[in-house]
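Since this is a predicted model, take the numbers as computed values, not measurements. By convention here, the first residue in the shown sequence is residue 1.
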Amino acid sequence: MLVTINDLLTPDELAAARQLLAKATWVSGAATAGAQAAQAKNNQQLPEDAAELPALRQLVLQALNRSPVFFAAALPLKVLPPFFNRYSGQSNAYGFHTDSAMRLAPDGSGGYVRADISATLFLSDPDDYDGGELTIEDTFGTHSVKLPAGSLVLYPSSSIHAVTPVTRGQRQACFMFLQSMVADPGKRRLLYDMDMALLQLRQDIGEADAVIRLTGTYHNLLRRWAQT
């Protein structure tokens, strides 16, 4: 399931993120790639010891926490701390790859987080760079994604995906991985579709008896399928 969320960041948040990134020092993005992905990855990334990283991460996580569409689509159990990358000049592309299934937990426990869903939050305006499309292959074909700054796309971590070469300007973005309470993507899609349909029904007819009963069915399915 591929879901986009427009204007996840407010204009003030986007401006604050850009201001922080303007002061950042970038390093090779290969540090966070798995063995296969490292061979295809040619971009830059904000290092873990970057002074700007804590404020950037807090900004993004606060935006995620207030988004009901993000919760409905992802049903997040664990969200790894967001990363930030840049494509420009000679570090301008990321070939086709699959994200690693397991990611080391950031709490130092030695445990792992299963990557069910990947996300890209665009921080550069589309007119400011050429290329840089996020290309995602799934069972319904190939999708090319290039969103307005401040907008987010969610897609399965299991998908084959790439970032096409940036031939002009620079593309800055935030990317992240999360573990869902509902691991099965088919079940997760059913719950998302039902949640969105219920939202529309409430707007159209209010809390009618049928809407109340369907809402109960949604939550009972979530109880049956979710792992916490």
Minimum heavy-atom distance between L154 and A73, given as atom pair plus value: CD1-CB, 3.8 Å
Linked, directly or transitively: L8 and V3 (ILVMFWY side chains, under 4.5 Å): yes
K78 to Y112, cation-pi by 6.0 Å centre distance and 45° axis angle: no
N/O donor-acceptor pair under 3.5 Å between S88 side chain and G169 backbone: no
Polar side chain donor-acceptor pair, S157 to D116, under 3.5 angstrom: no
Neighbour count above 12 (heavy atom, 6.0 Å) for Q203 CD: yes
Considering all heavy atoms, the nearest A93-P165 contact: CB-CA, 3.8 Å
V153 and F122: CA distance, side-chain angles, deciding distance, side-chain contact (heavy atoms from CB on, under 4.5 Å) verdict: CA-CA 8 Å; V153 60; F122 290 79; 4.1 Å; yes
Under 3.5 Å donor-acceptor, Q179 side chain and R114 backbone: yes
Between Y87 and N43, a side-chain donor and acceptor under 3.5 Å: yes
Check ion pair R213-E207 (N to O, under 4.0 angstrom): no
H161-F96 aromatic ring centre distance below 6.0 Å: no
N/O donor-acceptor pair under 3.5 Å between E13 side chain and T10 backbone: yes
hydrophobic_cluster_shared for I5 and V60, side chain cutoff 4.5 Å: yes
Within 6.0 angstrom of Q90 CD, more than 12 heavy atoms from elsewhere: no
R66 atom CZ, over 12 foreign heavy atoms within 6.0 Å: yes
L21/L46 under side-chain contact (heavy atoms from CB on, under 4.5 Å): CA gap, chis, key distance, verdict: CA-CA 9 Å; L21 289 172; L46 218 56; 4.1 Å; yes
Pairwise side-chain contact, V79 with P76, heavy-atom cut-off 4.5 Å (strictly under): yes
Heavy-atom closest contact (P156 atom, M1 atom, distance): CD-O, 3.4 Å
Donor on one side chain, acceptor on other, S109 and D107, under 3.5 Å: yes
Ionic contact status for D125 with R18, cut-off 4.0 Å: yes
Side-chain touch L222/L75, heavy atoms, less than 4.5 angstrom: yes
Ring geometry between H97 and Y94 (parallel below 30°, tilted from 30 to 60°, perpendicular above 60°): parallel
Exam field: side chain R188 to backbone A183, donor-acceptor pair closer than 3.5 Å: yes
Over-ring placement of R168 relative to Y129, 6.0 Å and 45° cut-offs: no
Check: V211 main-chain N/O paired with T215 side-chain donor or acceptor under 3.5 Å: yes
R86 side chain to Q44 side chain, donor-acceptor N/O pair below 3.5 angstrom: yes
Donor-acceptor pair, side chain of S151 and main chain of D7, under 3.5 angstrom: yes
Donor-acceptor pair, side chain of S67 and main chain of F70, under 3.5 angstrom: yes
Shortest non-hydrogen contact from L59 toward A16: CD1-CB, 3.9 Å
Verdict with reasoning, D195 to D193, per side-chain contact (heavy atoms from CB on, under 4.5 Å): CA-CA 5 Å; D195 201 2; D193 288 345; over 6 Å; no
Cluster check F175, L80: I/L/V/M/F/W/Y, side chain < 4.5 angstrom: yes
Lys/Arg N to Asp/Glu carboxylate O, E52 vs K23, below 4.0 Å: no
Distance in Å, Q172 CD paired with S124 OG, rounded so as to fall on 0.5 Å steps: 5.0 Å
Contact check, side chains of W225 and L191, non-hydrogen atoms, under 4.5 Å: yes
Joint hydrophobic cluster, V163 plus W26, side-chain heavy atoms closer than 4.5 Å: no
Stepwise side-chain contact (heavy atoms from CB on, under 4.5 Å) test for L9 and L121: CA-CA 9 Å; L9 299 184; L121 172 61; 3.9 Å; yes
N85 side, atom CG; Q45 side, atom CD - distance, nearest 0.5 Å: 6.5 Å
Cation-pi geometry met for R57 and F84 (6.0 Å, 45°): no
Contact summary for C174 and P82, nearest pair of heavy atoms: SG-CB, 3.4 Å
From CA spacing to verdict: side-chain hydrogen bond (donor to acceptor under 3.5 Å, both in side chains), S118, D99: CA-CA 8 Å; S118 300; D99 293 329; 2.6 Å; yes
Sidechain-backbone polar pair: S180 side chain, V182 backbone, donor-acceptor under 3.5 Å: yes
Residue pair T164 / E133, side-chain donor-acceptor N/O under 3.5 Å: yes
Exam field: side chain D12 to backbone A15, donor-acceptor pair closer than 3.5 Å: no
Nearest-0.5 Å distance that lies between atom CG in L123 and atom CG in L20: 11.0 Å
L199-L201 co-clustered via ILVMFWY side chain contacts under 4.5 Å: no
Minimum-distance pair of heavy atoms, taken over all atoms of T120 and A173: CG2-CB, 4.1 Å
Identified side chain to side chain contact (heavy atoms under 4.5 Å, CB included) counterpart of Y192 within the set M194, R189, M196: M196
N/O donor-acceptor pair under 3.5 Å between N65 side chain and L61 backbone: yes
